Amino acid sequence: MTIKEIFNTMSYGPAPESSAEAQAWLATHPAGFGHFIDGTFTAPEALFESRNPATGAVLARVSQGSPASVDAAVAAARRAQPKWARLAPHKRAQYLYALARLVQKHARLLAVLESLDNGKPIRESRDIDLPLVARHFYYHAGLAQLAPAEQPGMEPLGVCGAIIPWNFPLLMLAWKVAPALAAGNTVVLKPAEYTPLTALLFAEISREAGLPKGVLNIVTGDGDTGAALVDHPGVDKIAFTGSTSVGKSIRRATAGSGKALTLELGGKSPYIVFDDADLDSAVEGLVDAIWFNGGQVCCAGSRLLVQEGVAERFHTKLKRRMDGLRIGDPLDKCIDVGAVVDPVQLATITRLVDASEGEKYTAATPMPSGCFYPPTLIIGLSAASPLMQEEIFGPVLVSMTFRTPAEAVELANNTRYGLAATVWTENVNLALDIAPKLRAGVVWINGTNMFDAAAGFGGVRESGFGREGGWEGLLAYLRPAGKPAALKPVRALPAPGSATVEGLDRTAKLFIGGKQARPDGGYSQAVYGPKGALLGHVGIGNRKDIRNAVEAAQAAKGWARASAHNRAQILFYIAENLSARADEFAARLTAQTGTSGRAEVDAAIARLFSYAAWADKFDGAVKSVPIRGVALAMNEPCGVIAALCPDESPLLGLVSVIAPAIAMGNTCVLVPSQPFPLSATDFYQVLETSDLPAGVVNIVTGPHADLAKPLAGHMDIDAVWSFSSSDVSQVIETESATNLKRTWVNHGRARDWMAPDSEGRSFLRQATEVKTVWVPYGE
Ligand code: NAI
């Protein structure tokens with residue numbers, strides 16, 4: 001026998017990692033685990049079992065957190081927060097650095113415990129999860145050091161509630177805890193009920209690091225415990241990773257509460273293979289995309305789109321590779337695919353696959369008995385079939401073919417999700433042409449499932465909102481410093497006892513798709529000045545008008561492809577045209593509000609100049625990630641932004657909303673100041689003469705309270721902002737859960753529209769989504 005033959009026929013011997021140390025650690029809590037609150041473990045309460053999914057053996061018993069335990073944890077976090085926030089930046093950085101060092105020191109124990117509890121192969125927990133956890137704490141030690149200087153005028157949110165899933169228990173802990181602490185917040189973390197153990201070990205590690213008591217609190221339990229944390233009035237932010245359905249319920253539960261929220265939810269991420277791709281590498285990438293962690297990955301490349309000409313060859317290569325995957329004991333270092341996290345999840349995968357049509361291929365690899373599912377490929381499904389649309393969260397890949405790049409993009413985007421996408425091609429032009437067209441928060445080119453603390457991660461559409469990692473991730477744990485005053489309702493001036501009757505109709509119409517449009521309902525409202533003069537009428541828009549305006553805004557989305565230079569020019573032009581009519585606008589403001597409008601007009605012109613300047617300067621970033629490549633953080637427009645404009649500054653408020661939105665390439669639907677709408681209906685005449693393409697800005701006048709709901713519930717709107725003095729924040733946040741659009745609402749807080757912080761980066765960030773594009777680069 002030649003050495004080559006021996007190599008080819010030799011099978012792997014088992015190479016088990018010992019679980020002795022992990023078992024010994026578990027044995028130190030014989031009575032079960034309590035919660036970690038205020039630096040100590042509480043007495044165990046209402047214990048439930050955490051099992052090893054590979055064997056079914058009970059690993060430990062942990063406490064089901066009650067509302068009272070959540071309350072105690074939030075109280076401890078609240079007490080600890082002011083002091084933690086006041087620490088010198090380098091002191092906080094030192095704690096995070098200590099956590100990073102200790103994670104490295106205990107890496108082997110943590111990795112084994114993670115594999116025991118979750119069922120993931122030790123190769124993954126040891127070589128991927130743990131190094132990323134340590135890297136996250138190191139990186140955020142750096143952010144803690146730099147944040148106060150680099151983000152002046154910002155302060156921590158307070159107490160952050162973190163709710164995490166079972167697929168990357170410790171890594172998700174790191175993703176939530178590191179930025180929260182770096183920014184000066186304290187944390188109450190609820191791990192997933194299937195996988196609480198590494199979080200409890202981390203609690204001990206945090207004690208070893210000397211983390212002040214109350215800064216990190218951990219309450220174990222199921223969805224009820226999570227819900228109690230979400231509902232707790234003492235929590236300032238919820239950071240959630242998990243299913244889209246729970247994400248939606250958390251959006252509704254926190255609506256109107258003023259709690260900040262970031263949601264990292266599910267996906268059905270496309271994995272696109274063009275016919276010129278290095279097929280062998282693409283197959284290897286696919287192993288990583290869908291069989292990494294048994295496909296229990298939110299950004300798993302679970303939807304293969306392969307170009308028709310190479311589909312058969314690719315599927316053949318893929319099947320051969322699938323047959324070589326080794327499934328079994330997660331602690332065996334030669335294992336590729338471990339156990340499914342829990343029999344419940346196994347039953348879900350089995351049910352979904354069994355109900356599916358299509359040609360199914362199951363890996364011809366020995367299968368252990370128990371909670372395991374074989375690598376599976378399903379070919380020949382239609383784009384609309386449930387498995388093409390729904391997350392399976394298991395080692396199951398569905399595959400479709402496409403003919404042209406345009407079709408690939410169309411199929412890739414044909415999903416309610418938008419988390420990640422992978423593109424394989426040897427043609428750099430093609431890759432870079434496709435990447436911006438994909439509706440996803442992360443795009444990997446000729447690689448997949450790459451993560452780093454410096455690079456933002458997160459989705460669009462029903463994959464949630466917010467980014468984790470990088471400066472963009474840190475900002476989700478900060479807010480502008482100071483306590484804004486309560487916003488007082490601004491009411492329309494009442495009709496005088498005897499209104500002047502005019503023969504001439506001066507009803508300003510709506511502005512939709514570049515044209516003036518009569519309101520669908522056929523009703524209008526009179527606008528009076530402070531001395532009772534009738535200044536004009538405006539249309540009362542309704543749901544149908546909103547639909548028309550959204551359709552126009554959607555049709556105008558090509559605006560995103562206009563160059564930033566072009567958008568800047570148009571903003572300058574709008575400013576110029578407004579300044580040519582400055583006297584008229586000032587007089588109109590004075591007539592409506594009774595106070596001189598001159599300063600407001602001047603400020604509006606200056607603001608337009610500001611965003612003309614920003615249009616080609618709100619740059620993305622190139623992130624230094626520790627791989628052979630770079631991660632480009634591209635600031636992309638959100639899409640269609642709907643906004644209820646400020647009541648109190650009829651012109652400046654409107655401009656403050658329009659200008660950042662269109663500068664960044666969004667189209668918008670605006671409801672202007674309700675009591676003083678005439679400046680907006682005059683302003684669209686300025687827009688009409690400024691070369692702004694039709695449909696980029698649409699204006700529907702009418703009552704904020706009535707229009708908030710159709711705007712926030714509309715499926716084709718990507719973000720809703722409200723600066724209204726009407727109380728609509730709760731309606732908007734509740735209704736936005738339909739498609740998980742981003743919201744930015746004032747919660748009744750006042751804003752000085754003349755102030756410098758009413759323009760600039762905070763607005764531009766709200767007008768953009770960071771798309772992280774990973775590109776091979778350098779050696
Ligand atoms: P899940 O979304 O129910 O659980 C995630 C976390 O949320 C857990 O800590 C859970 O206890 C908590 N939770 C559940 N209900 C809650 C509520 N009403 N309020 C607050 N917290 C609550 O996910 P589950 O049931 O474990 O998995 C179901 C499906 O979700 C999976 O099959 C998969 O499709 C998807 N999923 C997606 C993840 C992702 O990373 N995007 C992670 C885990 C699951």
Side-chain angles (χ1 to χ4, degrees), residues 48 50 53 62-65 67 70 117-120 129 161-169 171-173 175-176 188-199 218-232 235 238-254 259 261-269 292-300 302 340-353 373 386-387 389-396 415-420 441-442 449 451 457-459 461-466 468 737 740:
F48 66 95
S50 189
V62 298
S63 295
Q64 164 68 22
V70 169
D117 204 16
N118 165 281
K120 63 173 68 200
D129 295 39
I163 300 174
I164 56 171
W166 40 261
N167 50 353
F168 294 91
L171 185 57
M172 289 302 107
L173 173 151
W175 279 26
K176 305 278 186 266
V188 178
L189 173 101
K190 195 208 76 70
E193 52 271 46
Y194 296 148
T195 53
L197 299 180
T198 44
I218 295 176
V219 180
T220 52
D222 62 10
D224 289 344
T225 312
L229 184 57
V230 167
D231 291 339
H232 198 290
V235 168
I238 293 291
F240 174 77
T241 297
S243 61
T244 293
S245 61
V246 173
K248 286 186 178 184
S249 78
I250 293 177
R251 170 67 293 182
R252 291 192 188 97
T254 53
K259 286 176 191 159
L261 179 64
T262 43
L263 298 174
E264 200 271 275
L265 310 174
K268 191 78 193 178
S269 298
F292 170 52
N293 201 13
Q296 302 168 117
V297 182
C298 49
C299 54
S302 53
V340 173
V341 72
D342 189 87
V344 171
Q345 185 66 14
L346 181 65
T348 309
I349 300 168
T350 311
R351 177 173 45 77
L352 286 169
V353 175
Y373 198 87
L387 283 203
Q389 295 295 331
E390 292 311 316
E391 201 175 24
I392 304 171
F393 233 62
V396 183
T415 164
R416 65 191 173 113
Y417 298 112
L419 192 50
V442 183
N449 270 348
F451 310 99
F457 182 90
R461 305 206 275 198
E462 295 198 26
S463 293
F465 44 77
E468 296 186 289
L740 286 170

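Everything numeric in this text was worked out from a predicted model, so none of it was measured. Nothing fancy with the numbering, it's 1 onward along the sequence. Remember, it's 1-based here, ligands and their atoms both numbered in the order they're listed.
- For atom 33 (C) of ligand 1, the nearest non-hydrogen atom of the protein is Phe393 CG, 3.3 Å.
- A heavy-atom distance below 4.5 Å is found between the side chains of Ile349 and Pro395.
- Remark: atom 25 (O) of ligand 1 lies closer than 4.0 Å to no protein heavy atom.
- Neither the backbone nor the side chain of Thr244 comes within contact range of ligand 1; no heavy atom lies under 4.0 Å.
- Using a distance-only test at 3.5 Å, with no hydrogens or angles considered, no donor-acceptor pair links the side chain of Ser463 to the main chain of Tyr417.
- In this structure, Thr348 falls outside the shell of residues with a heavy atom less than 4.0 angstrom from ligand 1.
- The side-chain heavy atoms of Lys190 and Ile164, taken from C-beta on, include no pair separated by under 4.5 Å.
- A 4.5 Å side-chain heavy-atom check between Asn118 and Tyr194 finds every atom pair outside the cut-off.
- Side-chain contact of Thr220 with Glu193: a donor-acceptor pair under 3.5 Å is absent, judged by distance alone.
- For atom 16 (C) of ligand 1, the closest heavy atom belonging to the protein is Val246 CG1, 3.4 Å.
- Side-chain contact between Lys176 and Phe240 is absent, with no heavy atoms from C-beta onward closer than 4.5 Å.
- Within ligand 1, the atoms closer than 4.0 Å to a non-hydrogen atom of Ile163 are 6 (C), 7 (O), 9 (O), 12 (C), 20 (C), 21 (N), numbered from 1 in the order shown.
- Contacts with ligand 1 closer than 4.0 Å are made by backbone heavy atoms (N, CA, C, O) of Ile164 only, the side chain lying farther away.
- Within ligand 1, the atoms closer than 4.0 Å to a non-hydrogen atom of Ala192 are 9 (O), numbered from 1 in the order shown.
- For atom 11 (O) of ligand 1, the closest non-hydrogen atom on the protein side is Glu193 OE1, 2.7 Å.
- Closest to atom 41 (N) of ligand 1 by heavy atom, among Gly161, Cys298, Gly221, is Cys298.
- One finds the CD atom of Glu264 at 9.5 Å from the OG1 atom of Thr244 (value rounded to the nearest 0.5 Å).
- Put simply, atom 13 (N) of ligand 1 has protein non-hydrogen atoms near it, under 4.0 Å away.
- Salt bridge status for Arg416 with Glu390: present, with a side-chain N to carboxylate O gap under 4.0 Å.
- Side-chain contact check for Leu173 versus Thr198: every heavy-atom pair is 4.5 Å or farther apart.
- Using a 4.5 Å heavy-atom cutoff, the side chains of Phe457 and Cys298 are in contact.
- For Gly242, a nitrogen or oxygen atom sits less than 3.5 Å from a nitrogen or oxygen atom of ligand 1, counting backbone and side chain alike.
- Within ligand 1, counting atoms from 1 as listed, the ones closer than 4.0 Å to a heavy atom of Glu391 are 33 (C), 34 (O), 35 (C).
- The shortest side-chain heavy-atom distance between Val442 and Cys299 does not fall under the 4.5 Å cut-off.
- Taking every non-hydrogen atom of Gly226 and a distance limit under 4.0 Å, the qualifying atoms of ligand 1 come out as 19 (N), 20 (C), 21 (N).
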| query | Would Asp117 and Ser50 satisfy side chain to side chain donor-acceptor pair (under 3.5 Å), going step by step from the backbone distance to the final call? | reply | CA-CA 7 Å; Asp117 204 16; Ser50 189; 2.8 Å; yes

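- Put simply, part of Phe240 is less than 4.0 Å from ligand 1, judged by heavy atoms.
- For atom 18 (N) of ligand 1, the nearest non-hydrogen atom of the protein is Ser249 OG, 4.0 Å.
- Taking CZ of Arg461 as the start and CG of Leu265 as the end, the distance is 14.0 Å to the nearest 0.5 Å.
- With a 4.0 Å cut-off on non-hydrogen atoms, Thr225 does not touch ligand 1 at all.
- The ligand atoms of ligand 1 that sit less than 4.0 angstrom from a heavy atom of Leu265 are 41 (N).
- At a heavy-atom distance under 4.0 Å, only side-chain atoms of Gln345, from C-beta outward, approach ligand 1.
- The atoms of ligand 1 that sit less than 4.0 Å from any heavy atom of Gly266 are 41 (N).
- Listed by number with element, the atoms of ligand 1 under 4.0 Å from a non-hydrogen atom of Trp166 are 24 (P), 26 (O), 27 (O).
- Those atoms of ligand 1 that come under 4.0 Å of a heavy atom in Pro165, given as number and element, are 42 (C), 43 (C).
- Close N/O approach between Thr241 and ligand 1 is not found [any backbone or side-chain N/O within under 3.5 Å].
- The side-chain heavy atoms of Asp129 and Phe168, taken from C-beta on, include a pair separated by under 4.5 Å.
- The heavy atom nearest to atom 28 (C) of ligand 1, considering only Pro191, Pro196, Ser243, is found in Ser243.
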